[in-house]
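Everything on this sheet refers to the single structure shown next.
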Amino acid sequence: MELPPEVEKIIKRLNSSGFEAYAVGGCVRDSLLGRIPDDWDITTPAQPKQVKELFHRTIDTGIQHGTVTVMAGSGQYEVTTYRIDGEYPDGRHPAQVSFTSELLEDLKRRDFTINAMAYSHETGIVDAFDGMKDLRAGRIRCVGNPLERFEEDALRILRAIRFSAQLGFIIEEKTYEAISQIAPRIALVSKERIQAELTKILCSQHPEKIREVFATGIHKYISPAFAGLPWKEVRISSDLSSEKYIRWAAFLGQSGPETAVEVLKALKMDNDTIRKVQTLAAWTGRHLNVQESEVRRGMSAMPPEVWDALIQLNGYGCEIQALTNQIRSRGDCLDLKHLAVSGQDLAAAGIPAGKEMGRLLNLLLDLVLEDPNKNHKDILLEIAKNLAI
Ligand code: ATP
Ligand code: MG
C-alpha cells in the first residue's frame, strides 16, 4: 500500500522516538479500494503532549480525545493516541476516554470492520476483525456486537447506510437488523450530524440508498415532516450533478416547496440551500412548452445555475436547452435590473412612486419576457403612461 510522503515522515519520526504509528481507518479502507482518501489519520500510543514535542507545527484539535493535528507540507494530518472509549451515557458521546498502549484496543472502538484496519510499511495491514474479507465481499459489518455498538452511538446507524451508499456495499444481516432495532435512538443525535450524513447519502454514487433510511424506520425519528415523506415514490437518478441542493431537490421536490422547506429547516440546513431547493420544488414536474417566452419566464424566476439544475431534474429536453442557450447568448432581459426603464425613469415621467410603481415595473418586465423587442426606454415609457392612467 502507498502512503503519502508526509504520512511516511510522520510515522518514521514517531517510530524513531520509540512509538508505534499507523495510518488507520477511512484512509486504509479507501486505499485498499483504490479510492483516493479525503484525509489521512494516524494512530499511535504516543500521548498528545509527546506528539506535540516531536513536530514543529501542530494544532490542538481535540487534546482531551487524544487528537493533535500535525501540519506537514501543505497538508494536515490528525495524529490520535490509541484510545478506549468509556461509557456512552447519552447514546452519542463517551463520558470519558482513556489512552492505551494497545493498538487492538483502539481498533475495537471503531464502528465497522472496514474502518478498523491499520497499516504501516513495517507491519503491513493490521486487520483484527476481518475487514479485508468484508471489503472484498462489499459488506458493512459492525466491529463486535452491532446492537451494543449502535446503542453506544446512534450516529453509527446512519454512517452504516452512508458507507453503503458511498461504496455501493450491502449491510450485513445482523448489522441491518440492529439498525432497525436502534432506529428510535437516532433522536439522540444532533440534527446537524443527521443532516450531514443524509447529505452524504444523497450526494453519493448510490443516492437511492436513502430508501434504507425509511426501510429501517429511522425516518420516523428525524422530524415529523421527514416521517411523512412519500419515500416509496422517490426516484433519484445518480446521473444528476452531485451538488447538495440538486440532490436534495431531487429527493424532496415531489413533496412540494412547503414540505421541502419544513424538512430542511428541521435539519438545520443552510439558508442558501433551503432557498434553492424551495425554488426547485416549486417547479418540480412543471410542464414547459418549447417556447422562448415560457423559457424566459422560468429563467427569470431563479438564478442561472438553479435553472440549469431544473433542466436536469425535470428532464427538459435539448430544445429547452437550446432556447436557454440562445436567450443567454443574446442577453435577453430577465430581471428588473436589466429592464430598459427604472423606477426613476417612471417617476420622471410623472408616475408617483410607491406600491403601484412596483407593480407597474413588474408588469413591464412581464411584457419584455414575452417579447424582448419591447425592452426599449421609449416603448416602455409609452406603455407605462397608458397603463398608469
Ligand atoms: P470519511 O472521511 O470518508 O467520512 P472515514 O471512515 O474516514 O470516512 P471519519 O468520520 O473521518 O470517517 O472517521 C475516521 C475513522 O474514525 C473511521 O474510519 C472510524 O474508524 C472511526 N470513527 C469515526 N466515527 C466513528 C463513530 N461514530 N464510531 C466509531 N468509530 C468512528
Ligand atoms: Mg475521514
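It should be emphasised that the depicted structure is a prediction, and the values quoted were computed from it without experimental measurement. Start at 1 with the first residue, then count along the sequence.
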Assess the side chains of T113 and D130: does a donor N or O sit below 3.5 Å from an acceptor N or O? no
Is the count of non-hydrogen atoms from other residues, nucleotides or ligands lying under 6.0 Å from K9 atom NZ greater than 12? no
Look only at the side chain of R235 and the backbone of A250, and say whether a donor-acceptor pair between them is shorter than 3.5 Å. no
Nearest heavy-atom approach of A178 to F150 is CB-CD1, 3.7 Å
Ionic contact status for D90 with R92, cut-off 4.0 Å: no
Is there a donor-acceptor pair closer than 3.5 Å between any side-chain N or O of N375 and the backbone N or O of V368? no
Here's a test for you: under side-chain contact (heavy atoms from CB on, under 4.5 Å), which of V341, N362, L364 qualifies with L336? N362
Looking just at side-chain N and O atoms, do N325 and Q321 make a donor-acceptor pair shorter than 3.5 Å? yes
Count the heavy atoms belonging to other residues, nucleotides or ligands that lie under 6.0 Å from CD of E87, then report whether that count exceeds 12. no
Does T67 reach the main-chain N or O of I63 with its side chain, forming a donor-acceptor pair under 3.5 Å? no
Interatomic distance, CD@E370 vs OG@S293, rounded to 0.5 Å, equals 4.0 Å
I need the minimum non-hydrogen distance between D41 and C27, along with the two atoms involved. N-SG, 3.7 Å
For the residue pair F226 and H219, is the inter-centroid distance of their aromatic rings smaller than 6.0 Å? no
Search all heavy atoms of A281 against all heavy atoms of A260 and return the closest pair with its distance. CB-CB, 4.2 Å
So does L54 get a backbone contact from the side chain of R13, meaning a donor-acceptor N/O pair under 3.5 Å? yes
Heavy atoms of I379 and N373 approach each other most closely as CD1-O, 3.9 Å
Do the side-chain N and O atoms of R110 and N115 include a donor-acceptor pair separated by under 3.5 angstrom? no
Quick check: do F251 and P207 have side-chain heavy atoms less than 4.5 Å from each other? no
Identify whether L103 and M117 are in the same connected component of the hydrophobic contact network (ILVMFWY, side-chain heavy atoms under 4.5 Å). no
Compute whether any side-chain donor of one residue and acceptor of the other, for T175 and E172, lie under 3.5 angstrom apart. yes
With a sphere of 6.0 Å drawn around CD of Q326, does it hold more than 12 non-hydrogen atoms of other residues, nucleotides or ligands? yes
Does R286 have more than 12 heavy atoms from other residues, nucleotides or ligands lying within 6.0 Å of its CZ? yes
Could you go through the side-chain contact (heavy atoms from CB on, under 4.5 Å) check for L167 and I114 one step at a time? CA-CA 11 Å; L167 305 172; I114 58 167; 3.7 Å; yes
So for atom NZ, which belongs to K12, do other residues, nucleotides or ligands contribute more than 12 heavy atoms lying within a distance under 6.0 Å? no
Between T69 and T61, does any side-chain donor sit less than 3.5 Å from a side-chain acceptor? yes
With a sphere of 6.0 Å drawn around CD of Q205, does it hold more than 12 non-hydrogen atoms of other residues, nucleotides or ligands? no
Geometric cation-pi criterion, R156 with Y88: 6.0 Å, 45°: yes
Test item: R136 side-chain N/O and G131 main-chain N/O as donor-acceptor pair under 3.5 Å: no
side-chain contact (heavy atoms from CB on, under 4.5 Å), that's the test. Do Y245 and V306 meet it? Break it down for me. CA-CA 9 Å; Y245 74 92; V306 179; 4.3 Å; yes
For K133, is there an ion pair with D127 - N to carboxylate O distance below 4.0 angstrom? no
Of all the heavy-atom pairs spanning E6 and A72, show the shortest one and how long it is. CG-O, 3.6 Å
Begin from the C-alpha positions of R57 and V70 and carry the test side-chain contact (heavy atoms from CB on, under 4.5 Å) through to its verdict. CA-CA 6 Å; R57 294 186 295 150; V70 173; over 6 Å; no
Give a yes or no on whether the backbone of Y119 and the side-chain of T123 come within a donor-acceptor separation of less than 3.5 Å. no
Does T44 reach the main-chain N or O of E20 with its side chain, forming a donor-acceptor pair under 3.5 Å? yes
Whether D345 side chain and S342 backbone form a donor-acceptor pair below 3.5 Å: yes
Between R83 and D106, does any NZ, NE, NH1 or NH2 come within less than 4.0 Å of an OD or OE carboxylate oxygen? no
Does F19 offer a backbone N or O that forms a donor-acceptor pair with the side chain of S17 under 3.5 Å? no
Determine the minimum heavy-atom distance between W283 and N314, stating which atoms define it. O-ND2, 2.9 Å
Yes or no on side-chain contact (heavy atoms from CB on, under 4.5 Å) for I222 and I218, after CA distance, side-chain angles and deciding distance? CA-CA 7 Å; I222 292 180; I218 296 174; 4.0 Å; yes
Taking NZ, NE, NH1 and NH2 as the nitrogens, is one of them in K244 or D270 under 4.0 Å from a carboxylate oxygen of the other? yes
Against E292, only a single residue in R297, R330, R328 fulfils salt bridge (charged side-chain N to carboxylate O under 4.0 Å, His left out); can you say which? R330
Counting only N and O atoms by type, is there a donor-acceptor contact under 3.5 Å from the side chain of R139 to the main-chain atoms of I171? no
Please answer: with hydrophobic residues joined when any side-chain heavy atoms are less than 4.5 Å apart, are Y221 and I210 in the same cluster? yes
Determine whether more than 12 heavy atoms belonging to other residues, nucleotides or ligands lie under 6.0 Å from atom CD of E53. yes
With distance as the sole criterion, is a donor-acceptor pair present between the side chains of W248 and T273 under 3.5 Å? no
Is there side-chain contact between E208 and I236, with heavy atoms separated by less than 4.5 Å? no
Should we count CD of E192 as having more than 12 external heavy atoms under 6.0 Å? yes
Give a yes or no on whether a salt bridge exists between K174 and E177, defined as a side-chain N under 4.0 angstrom from a carboxylate O. no
Please determine if D272 and K276 form a salt bridge, counting it only when a charged side-chain N lies under 4.0 Å from a carboxylate O. yes
